[in-house]
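Just so you know, ligand 1 is whichever comes first in the structure, and atom 1 is the first atom listed for that ligand.
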Amino acid sequence: MEQTFVILKPSTIQRSLIGDVITRYQRKGLIVTGIKMMQLDEKILREHYAHLVDRPFFPSLVDSMTRTPVIVMVLKGKDAVEVVRAMTGATNCRKAAPGTIRGDFGMSGQENIVHASDSPENAVIEINRFFKPEEIFDYPMPTFNAIYAPDEQ
Ligand code: UDP
Ligand code: MG
């Protein structure tokens with residue numbers, strides 16, 4: 001089953017929203033297969049946000065993403081990348097639809113609560129960038145047969 005990569009950004013940590021955000025993923029039926037707190041630095045952010053390094057806001061983005069430790073997560077589910085991106089909402093929280101995480105919890109374009117992988121290919125790259133293989137777990141979920149029909153598993 002597909003896995004995707006999420007960062008709970010410093011805005012989430014400082015606003016005490018860690019539990020609220022993780023609860024949204026768990027209620028949806030996504031399975032947490034990896035989770036840890038870590039301090040990001042400019043080096044890893046230049047890789048992770050390589051598509052943005054030349055943008056004028058990049059220094060501000062680095063300041064924002066290094067302000068506190070973050071929580072990085074791997075979530076597993078059918079079509080997990082697409083599902084989690086849909087739950088995330090538009091980049092600017094003020095434009096994000098109500099019901100999405102950004103739409104419900106934020107007011108900023110930069111301080112936008114979470115990162116989520118935007119394609120299955122990038123999910124694999126990002127999981128490998130932030131997690132060692134032994135930090136990802138496969139374990140039985142008693143609720144699995146209530147979350148998915150047999151032909152979806
Ligand atoms: N960002 C920003 N200003 C912008 C565009 C992006 O501060 O004009 C920040 C924002 O925190 C965003 C991150 O850079 O989440 C990565 O941008 P991307 O376009 O990949 O958006 P995302 O995939 O996070 O929706
Ligand atoms: Mg992106």
Ligand 1 N/O to protein N/O, distances under 3.5 Å:
| unit_1 | atom_1 | unit_2 | atom_2 | d |
| --- | --- | --- | --- | --- |
| ligand 1 | 11 (O) | Lys9 | NZ | 3.1 |
| ligand 1 | 11 (O) | Gln110 | O | 3.0 |
| ligand 1 | 11 (O) | Asn112 | OD1 | 3.4 |
| ligand 1 | 15 (O) | Lys9 | NZ | 2.9 |
| ligand 1 | 15 (O) | Asn112 | ND2 | 2.8 |
| ligand 1 | 20 (O) | His51 | NE2 | 2.9 |
| ligand 1 | 21 (O) | Thr91 | OG1 | 3.2 |
| ligand 1 | 23 (O) | Arg85 | NH1 | 2.9 |
| ligand 1 | 23 (O) | Arg85 | NH2 | 3.4 |
| ligand 1 | 24 (O) | Arg102 | NH2 | 2.9 |
| ligand 1 | 25 (O) | Thr91 | OG1 | 2.6 |
| ligand 1 | 25 (O) | Arg102 | NH1 | 2.9 |

| task | For Gln26, check side-chain hydrogen bond (donor to acceptor under 3.5 Å, both in side chains) against everything at least two apart and list the hits. | result | none

| request: Check the surroundings of atom CE in Met107: do more than 12 heavy atoms from other residues, nucleotides or ligands lie under 6.0 Å from it? | output: no

| said: Taking the ring centre of each residue, are Phe58 and Tyr49 less than 6.0 Å apart? | reply: no

| request: Check step by step if side-chain hydrogen bond (donor to acceptor under 3.5 Å, both in side chains) holds for Asn92 and Gln110. | output: CA-CA 7 Å; Asn92 185 331; Gln110 179 175 270; over 6 Å; no

| query | Within a radius of less than 6.0 Å around CD of Glu111, do more than 12 heavy atoms belonging to other residues, nucleotides or ligands occur? | reply | yes

| Is it true that the NZ or CZ of Lys36 lies under 6.0 Å from the centre of Phe131's six-membered ring and within 45 degrees of the ring axis? | yes

